[in-house]
Amino acid sequence: MYRFFFSCFFLVVFCLGGLQASSIYLEAESFRVKGGWVVDQQFMDCMGSPYLMAHGMGVPVDDAVTEVPVDEQGVYYVYVRTFNWTSPWFSGKGPGKFALYVDGKRIGKALGDRGNAWEWQKVGRVRIDKPDVEIRLHDLTGFNGRCDAIFLTTNRELVPPANVKELAAFRRSLLGDLCREDEALRYDLVVVGGGVAGISAAVSAARLGCRVALVNDRPVLGGNNSSEVRVHLGGRIETGLYKNLGNLQKEFGPVNGGNAMPASRYEDDKKMQIVEQEKNITLYLNSRAVEVKMDGDAIGSVRVQHIESGVQTELEAPVFADCTGDGTVGFLAGADYRMGRESRYEFGESRAPEVADSLTMGASVQWYSEDAGKPSDFPVFEYGIRFDEASCERVTMGEWTWETGMNVNQMTRFEYVRDYGLMVVYSNWSFLKNRLKDNGAYANRRLAWVAYVAGKRESRRLLGDYVLKEDDLVKSVFHEDGTAATTWTIDLHDPDPANSKHFPGREFKSVARHTPIFPYPIPYRCLYSRNVKNLFMAGRHISVTHVALGTVRVMRTTGMMGEVVGMAAYLCKKHAAVPREIYYYHLLELKVLMEKGVGADLPNNQRYNEGNTLKEKPEVGVDAYTY
């Protein structure tokens, strides 16, 4: 079932004490009508808030519109928090221009095309002589103009702070508890992250009798496999020690593969349906974990915020599952984690670098074009990266190989990573359409879809009681607590040398290097935190080295991890235990559950993208396993 939030525009009309001013603070994501603008929450941990973005792929989008009450009539000074998103690479005016209208009147000049950071831009002033007023965002370019908030005040000296921490305090002082729920809600398990791993964890636990809260910060489920990102499932089911793990994938996994394909191919409705039909699941869509309250070395509760209304809800449980991919809950709880690549000598890994570094696999902004049936124009787009006949990519789509941010922190600078991905797509397409000498193949083509939610491969990895490493995988080292089998090659990505030749240090293409493995059971001890005693994890951020991440990160494998976590959460409830105690005292019981599975016994409809480079037999150690 869903947990519905009451409608609450994130605004306030108030008087500023001694300043004797009347002011209106409006969060853009709360607009009543979004028009063609999209809500982007991916970077709120860094820039402070979700925001609206005009993602029109070069075609201006429809207006976003809302109405606000006005407590005091008079002259108001108007500010908009916005960002010139190409400024890291281009010093002139940027492409993300939009205009603000108040009661049908345009205020000031274009916004979003100047400055070099998220900032409050002064728009101008307006006289308001009505008890309520219409606010309208009018896109001028279709090139990802963005608006975080609008501030109107009768005090000409009052400007909201630019610093993110100070701005958060400013917001709280204005908004208070307007959109806060006071009553904490209690579950047997709280799962944060609604990708394939999170769905699987929630359904697994629910079918075993746990009351589960499933939290997802987007309007659809599926994560990288959703219609927002469009990466197909990978890895094998029906293999390894427990062949009934993965049966859930047959119930909600798309039956066709392919990256960067039309939205329907990813079957978002099937993912929603499997969650909706579980009476023990309460679904919190569009909700992001923003705070963790600790009780000693355990999580007491997680506070989640609805990204449009601002409503916050506190969720309590004896155990929690971090399925965010970024290890968000673990990070907020103070869990031990790693980022980047370990040195070759720390774990004896042949594929690790000699010296540890911060390099990660990157994120993909996928895209495709379509035949318009007639000549189709595209604006000239040159904002910091220039293509020529030699360096351009003569393609009509871009999938996983379009990968950015390998040398950039995938958490603190992820907006930079995503925006660079957008910039190279637009810049390359603009060159093909406007500058390429022999461009007949592109004359009738137009951009049909460009992802604005980036598909991330790697960020934090939370540390458990065991860290899976290369030797475990290639030598089939036996661990008594083996669970779901990872079957993908050790698949690590590096910048494409051909791309590096033209864009050194600013690559946007990658190549994959594969090391085949025999199906390997992931130790249960990799699925819970070593220092936050009631925290599970399932997804690409489990306890592995960078090298080992190359195999466990594909989504059918992460889904099976989620199934195991849901089973272990059920055992925690049954025995009043914490995750580590399942390993110490109840491992045999967990094995019985894994043998049985929780999914329906259906024909395997997940035969695409299984990986075809598995070893025919293991090197050593497999005699201890039964396959």
Side-chain angles (χ1 to χ4, degrees), residues 3 44-45 180-195 197-198 200-202 204-206 210-217 280-284 287-306 311-338 411 459-465 524-543 561-562 564-584 586:
R3 173 71 181 178
M44 59 187 288
D45 297 340
R180 183 180 297 270
E181 289 189 356
D182 295 323
E183 180 183 359
L185 302 171
R186 188 164 183 84
Y187 298 89
D188 298 317
L189 170 67
V190 173
V191 179
V192 181
S200 300
S204 175
C210 294
R211 292 184 61 250
V212 181
L214 175 58
V215 179
N216 191 46
D217 65 359
N280 284 333
I281 297 178
T282 302
L283 178 59
Y284 294 79
S287 298
R288 188 177 181 92
V290 294
E291 181 183 349
V292 167
K293 292 184 179 179
M294 298 297 292
D295 182 6
D297 59 354
I299 298 173
S301 66
V302 171
R303 185 172 289 278
V304 302
Q305 176 178 313
H306 193 275
V311 174
Q312 292 192 351
T313 305
E314 190 171 350
L315 307 177
E316 297 177 344
V319 289
F320 295 80
D322 186 332
C323 300
T324 61
D326 284 330
T328 301
V329 176
F331 175 76
L332 293 172
D336 295 337
Y337 71 95
R338 298 286 291 266
M411 295 305 306
S459 52
R460 305 184 187 102
R461 303 186 301 279
L462 303 180
L463 299 179
D465 279 349
Y524 169 73
R525 287 165 293 160
C526 298
L527 303 180
Y528 62 85
S529 171
R530 71 185 187 186
N531 68 307
V532 178
K533 71 179 184 181
N534 64 341
L535 179 63
F536 287 107
M537 53 266 195
R540 59 180 170 80
H541 58 292
I542 65 167
S543 184
M561 294 177 201
V564 175
V565 163
M567 295 170 185
Y570 158 72
L571 293 177
C572 286
K573 176 185 178 182
K574 179 179 178 180
H575 298 291
V578 295
R580 179 178 286 117
E581 292 172 334
I582 302 305
Y583 171 66
Y584 284 150
H586 308 289

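Minimum interatomic distance between M411 and S459 (heavy atoms only, all atoms of both residues): SD-CB, 3.6 Å. The two residues A577 and V319 make their nearest non-hydrogen contact at O-CG1, 4.4 Å. The two residues E316 and S301 make their nearest non-hydrogen contact at CG-CB, 3.8 Å. Counting all heavy atoms, side chain and backbone alike, A201 lies closest to V565 at CB-CG1, 4.4 Å. Contact between A289 and V192 at its shortest, heavy atoms only, is CB-CG1, 3.9 Å. In terms of heavy atoms, P579 sits closest to Y528 at CB-CB, 3.6 Å.
A donor-acceptor pair under 3.5 Å is absent between the side-chain atoms of Y570 and the main chain of S204, judged by distance alone. Checked by atom type and distance alone, the side chain of D188 never pairs as donor or acceptor with a backbone atom of V212 at under 3.5 Å. Side chain of R211 to main chain of R186: a donor-acceptor pair is present (N/O by atom type, distance under 3.5 Å, no hydrogens or angles). Remark: the backbone N or O of D322 is paired with a side-chain donor or acceptor of H541 at under 3.5 angstrom. When atom types are taken as modelled, the side chain of N280 and the backbone of A206 share a donor-acceptor pair closer than 3.5 angstrom.
Using a 4.5 Å heavy-atom threshold, the side chains of R303 and E314 count as touching. With a 4.5 Å cut-off on side-chain heavy atoms, M294 and I299 count as touching. Two residues are said to be in side-chain contact when any heavy atoms from C-beta on lie closer than 4.5 Å; K573 and L189 fail this criterion. You'll find the side chain of Y284 reaches within 4.5 Å of the side chain of L315, heavy atoms only.
Note that the CD atom of E291 and the CD atom of Q312 stand 7.0 Å from one another [nearest 0.5 Å]. Remark: D217 CG to S287 OG distance equals 8.5 Å, nearest 0.5 Å. Atom CE of residue M537 and atom CZ of residue R461 lie 11.5 Å apart, to the nearest 0.5 angstrom. To the nearest 0.5 angstrom, F320 atom CZ is 11.5 Å from Y187 atom OH. Here NE2 of H575 is found 4.5 Å from NE2 of H586. Values are rounded to the nearest 0.5 Å. In this structure, CG in N531 is found 9.0 Å from CG in L462, a value given to the nearest 0.5 Å.
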Report, one line per pair, each donor and acceptor closer than 3.5 Å where one atom sits in a side chain of residues 329-337; sequence neighbours left out.
unit_1, atom_1, unit_2, atom_2, d
D336, OD2, R530, NE, 2.9
D336, OD2, R530, NH2, 3.4

- Query: Is there a salt bridge (charged side-chain N to carboxylate O under 4.0 Å, His left out) between D465 and R525 once you walk through the steps?
  - Reply: CA-CA 5 Å; D465 279 349; R525 287 165 293 160; over 6 Å; no
- Message: Assess the residue pair V564 and L527 against the criterion (side chain to side chain contact (heavy atoms under 4.5 Å, CB included)); give the C-alpha distance rounded to whole Å, side-chain angles, the decisive distance to 0.1 Å, and a yes or no.
- Response: CA-CA 9 Å; V564 175; L527 303 180; 3.9 Å; yes
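Listed by chain and residue number, Q249 satisfy the side chain to side chain donor-acceptor pair (under 3.5 Å) test with S200 (two or more places apart in sequence, or in another chain). Contacts of R540 classified as salt bridge (Lys or Arg N to Asp or Glu O under 4.0 Å), with partners at least two apart in sequence or in another chain: D326.
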